[in-house]
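Just so it is clear: chains get the letters A, B, ... in the order the sequence lines come, proteins before strands, and each one is counted from 1. Nothing here was measured: the structure is a model prediction, and the numbers come from that model.
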Amino acid sequence: MEYSAKTIEKKWQNYWKENDSFEPSEDFTKDKKYILSMFPFPSGRLHMGHVRNYSISDALARYYRQQGKNVLHPIGFDSFGMPAENAAIKNGSHPKGWTYDNIDYMKNEFYSLGFSFSRKREMATSDELYTKFEQSFIIDMYEKGLLYREKGLLNWCPNDQTVLANEQVIDGCCWRCDTPVVKKDMNQYYFKITKYADELIADLKKLEDGWPKQVLTMQDNWIGKSNGLAFDLFFDEDSKAKLDTKFESFDVFTTRPDTIYGVSYTALAPEHAIVSYMLDNKLLSKDIITQINTMKATSSIDRQKEKSGISLGLNVVHPLTGRSIPVWIANFVLMDYGSGAVMAVPAHDDRDYDFAKKYDLEINAVIKPFDGKAEEGKAFTEVGELFNSQEFDGMNSKKSQYNIIKMFEEKAIGKKTTNYKLKDWGVSRQRYWGAPIPFVHCDTCGLVMEQKENLPIALPDDVEITGEGNPLENHPTWKHCACPACGKDAIRETDTMDTFVESSWYFLRFCASPETLQKAAFTQDEIKYWMGVDHYIGGIEHAVLHLLYARFFTKVFRDLGYLEFDEPFDNLLTQGMVLKDGSKMSKSKGNTVDPDAIIEKYGADTARLFILFAAPPTQELEWNDSGVEGSFKFIKRFHDRSSHVVACGSIPSITHATLSKEEKFARKKVYEALVRANEVYEQKHTFNTMIAGVMEAMNALNAQTNSDVWSEGYWILSSIMEPVIPHVASEISEKYFGLKNLSKQVVLEEVFVEDTLTLGVSINGKRRTEIEIPTDESKENIITIAKEAASKWLEGKEIIKEIVVPKKLVNIVVKG
RNA sequence: GCGGAUGUGGUGAAAUUGGUAUACACGCCAGACUUAGGAUCUGGUGCCGCAAGGCGUGGAGGUUCAAGUCCUCUCAUCCGCACCA
């Protein structure tokens, strides 16, 4: 029978659907594996990145099912978000209709690729039930003080008309639409993720074995912990007077307390409260006010181009020496890190040095290299010996930090402080297509949370999406409600949640059985059994966004008593991008390959095989049409050559000793492929090498004609290939083995036992020839045989050393 | 600048961890079967050389009987963060 991908694939997809083949068992005494791919946004169609993602997780899920594990391999849709609204603005569609139409289409694509997802646990985060449980968690978090509302300077995307979290600002632009982000002062809800900053860093250690180092480093850098000294700088009397005695001092933070005696000026961010006061009260000349306002209006990207500063005509007093220190405004001082003010030590900091040179400020060195003089014309930023530092003279600068901080603390003029780059996570968005934040504004009671029995606070369907303003805000009735506390007329919160909130706990929701689903978000028993996720597969682009938020939520849920572990994802596999012509596939570049077209032309098995064979999963994958063709041909041969197999209900038993050389070799290759497959599925995940092993075995089988060897070979090979090419493998398995071989396979050691061995013979490490010897040959004899074989290269040379590496090679070291 | 990776044939990539470099596949070349081939099958294919042989894992050193693998220096590319005090 000719190989027909279409017929075979349709048949098996129906079979799996009708038999509920991929539903996990509710028997929690079984060994489990939770295999999870990052769920997709329902953008409309699958792209090759999705195919890669789910081909990897599906291979693992199918392998572990064969091994007898209870496998949870769920799928859902991260279905709230701006693109649905943007489509609405563009086409006049409704976000809900657009979203759920896309979901239906993409689900069909998933199943036409043969992915073994649990159908009964499919869900979308825009489902009202999901919103209901999420809102309930939000209320719990608010009660614990982990959610708060505050006015602040926010990142605002003028194009998307919404607030962005810091993590969503890339190079000063919106992560979605690339529009430059501006700062806007407004009320916003925040998750107190900074409360967990220390734990989020510390627990990265627990992930060292299972997560890529790169991701751990990125998270570590993102949280950006640094230890140092915080202290106050006090104004002198003149300066206090100039400030109408409204300010006594300001706070600075340094990680280099060892340079304290070298402070020669101090700098404030242009947004600093003292500067604002001076602007508001016109305490500066017109010219200077203009300069400051220009600086404030400059974007952070432009500020990086050149350092600039403005002297404020104020002075503070050095806390240790009493020297007078001028106060400047500097464009490189960030308002949102530390206190927005720094002490400057130009002798030992590159930035401070550049600034001091530009404005001709004092440069006071207090650290010298251990072995002589510092280089002229630049800051000395390394560890050295202190001088001009009073009682600390002669100390190692690094070691002195502890002593100097201690002195500040003893004198009660400063203290040891830890700073983080991480900010609290701003989660409110001024958009329609998101989960409503379950709060109410009451004139009498203030900000009031909804009663849990009123959840979900669902979105109204009758909205006008125009792209201007917040549709919930503009809706005629939706926002009017009764205050849950006092019953008076009140206004519902019209902000919705950042969609990253939904993806921060969806992996827990998947643990809910079809019975639990309606009643609760999940049960403790289910979470306890299924979590943590054994293998989490997805793109590196989520290294700091989703993966940080999900870790945060897990810790919060633990502290709320919902679960009992610290980290959600035991192992993380970050897949590489799919490229075409050297760059990432994207619609704008016009270099996409449509998965549907590949399925149509070659079938799902070919798409899956190519994707897993062309590169290891963590590397970039270059799409290659003739490579796809090659994968198709392999499947066709795999299918066609199965005609050599004789149907059997169990693996044929073969007397190895009676076989020919080719037959023995074929068996060895088959079992080598099996050993490698186990290793790849369990640990290495380099599916490309496993598939290569299967191809080698196929080539070896084809070089012999023993039908038992063929049958045994296919029994094993179709088992280990089923996770990759499930349709054709199932077809073969059913036809010849009654599906009995799709299970754990036993490695027969006897096929690896050989009568003779081939050893390489090297002279001085250079390979010259090879010898064939009986397996049990003595070392002496091996050397004799090797010398004979290599006599040509040994003539007239003195043999110094003979090395035999068992089963590998012989190396003879000669001189002359 | 800081951090993380990666450099192996014409191409995608292997190499059980210090032991025969280039498995497997794509491409290319030759042959067979064909009316035909963008089908199928067989064989060949790192580079230089007629050969013997020499050279070969970004480059330069080093350790070792033996280095793609370990050490030192260096170059290039990619990714992330980036005036974080």
To the nearest Å, how far apart are [X] [atom1] and [N] [atom2]?
| X | N | atom1 | atom2 | value |
| --- | --- | --- | --- | --- |
| A:Lys684 | B:A15 | NZ | C1' | 9 Å |
| A:Asn764 | B:U20 | CG | P | 17 Å |
| A:Ile540 | B:C79 | CD1 | P | 13 Å |
| A:Ile803 | B:C65 | CD1 | C1' | 3 Å |
| A:Leu809 | B:A67 | CG | P | 12 Å |
| A:Asn624 | B:C24 | CG | P | 19 Å |
| A:Ile800 | B:C65 | CD1 | P | 10 Å |
| A:Leu268 | B:A85 | CG | P | 18 Å |

Base, sugar-phosphate, or nothing for [X], non-hydrogen atoms under 4.0 angstrom?
| X | answer |
| --- | --- |
| A:Lys792 | sugar-phosphate |
| A:Glu679 | nothing |
| A:Val333 | base |
| A:Lys633 | sugar-phosphate |
| A:Asn699 | sugar-phosphate |
| A:Val342 | base |
| A:Lys421 | base |
| A:Gln304 | base |
| A:Glu802 | nothing |

Specify the residue among A:Phe253 and A:Pro616 whose closest nucleotide of RNA chain B lies further upstream toward the 5′ end.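 Of the two residues, A:Pro616 wins.
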**Prompt:** Pick the nucleotide of RNA chain B nearest each of A:Met577 and A:Gln214; which residue has the one closer to the 5' end?
**Reply:**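 So the residue in question is A:Gln214.
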What are the two closest heavy atoms between [X] and [Y], and how far apart are they?
| X | Y | result |
| --- | --- | --- |
| A:Arg608 | A:Ser55 | CG-OG, 3.9 Å |
| A:Tyr353 | A:Gly377 | OH-C, 3.0 Å |
| A:Asn331 | A:Lys307 | OD1-CA, 3.5 Å |
| A:Leu701 | A:Gly713 | CD1-CA, 4.1 Å |

hbond_proxy A:Lys808 side chain to B:U16 base (donor-acceptor, 3.5 Å cutoff) =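 Yes.
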Ignoring hydrogens and angles, does a donor from either the side chain of A:Asn811 or the base of B:C65 sit under 3.5 Å from an acceptor on the other?
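Check passes, donor-acceptor contact within cut-off.
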Any side-chain donor-acceptor pair under 3.5 Å between A:Glu772 and A:Thr756?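 There is such a pair between these side chains.
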Nearest of [options] to any side-chain atom of [X]?
| X | options | result |
| --- | --- | --- |
| A:Ala692 | B:A14, B:A23, B:A21 | B:A23 |
| A:Ser226 | B:A85, B:G53, B:A66 | B:A85 |
| A:Asn688 | B:A14, B:G3, B:C84 | B:A14 |
| A:Val813 | B:A85, B:A15, B:C65 | B:C65 |
| A:Lys213 | B:U20, B:A5, B:U42 | B:A5 |
| A:Leu334 | B:A85, B:C26, B:A13 | B:A85 |
| A:Trp222 | B:A13, B:C81, B:A85 | B:C81 |
| A:Glu696 | B:C84, B:G27, B:C24 | B:C24 |
| A:Ser626 | B:G27, B:C24, B:G54 | B:G27 |
| A:Asn702 | B:C55, B:U42, B:A21 | B:U42 |

Under a 3.5 Å cut-off for both contacts, is [N] paired Watson-Crick or G-U wobble with anything, and if yes, with which nucleotide?
| N | result |
| --- | --- |
| B:C33 | none |
| B:A21 | none |
| B:G38 | none |
| B:A14 | none |
| B:C28 | B:G44 |
| B:G80 | B:C2 |
| B:C50 | none |
| B:G61 | B:C71 |

Does B:C65 have its OP1 or OP2 closer than 4.0 Å to a side-chain nitrogen or oxygen of A:Arg767?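 The answer is no; no side-chain N or O of A:Arg767 sits under 4.0 Å from OP1 or OP2.
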If the [atom1] atom of [N] is compared with that of [M], how far apart are they to the nearest Å?
| N | M | atom1 | value |
| --- | --- | --- | --- |
| B:U64 | B:C84 | C1' | 46 Å |
| B:A15 | B:C47 | P | 23 Å |
| B:G54 | B:G44 | C1' | 23 Å |
| B:U74 | B:A23 | P | 35 Å |
| B:A60 | B:C75 | C1' | 10 Å |
| B:G31 | B:G38 | P | 15 Å |
| B:G46 | B:U20 | C1' | 16 Å |
| B:U8 | B:C78 | P | 15 Å |

Check: A:Trp623 ring centroid to A:Phe610 ring centroid under 6.0 Å
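Yes, they do, as the ring centres are separated by less than 6.0 Å.
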Between A:Arg551 (side chain only) and A:Leu200 (backbone N and O only), is there a donor and an acceptor less than 3.5 Å apart?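 Yes; judged by distance alone, with no hydrogens or angles, the pair exists.
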Subject >> Stepwise ring pair (Phe, Tyr, Trp, His ring centres under 6.0 Å) test for A:Phe231 and A:Phe253 >> reply: CA-CA 7 Å; A:Phe231 62 96; A:Phe253 172 74; 9.8 Å; no
Report task. Would you classify B:U74 as syn or anti? Syn applies when the glycosidic angle is within 90° of 0. Result ->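 That one's anti.
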Query raised in the report: Taking the chi torsion of B:G9, is it syn (within 90° of 0) or anti (everything else)?
Result: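 Syn conformation here, the glycosidic angle of B:G9 being no more than 90° from 0.
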Is the number of heavy atoms from other residues, nucleotides or ligands under 6.0 Å of A:Phe752 CZ greater than 12?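 Yes.
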A:Tyr265/A:Phe355 under ring pair (Phe, Tyr, Trp, His ring centres under 6.0 Å): CA gap, chis, key distance, verdict
CA-CA 10 Å; A:Tyr265 65 97; A:Phe355 192 86; 5.3 Å; yes
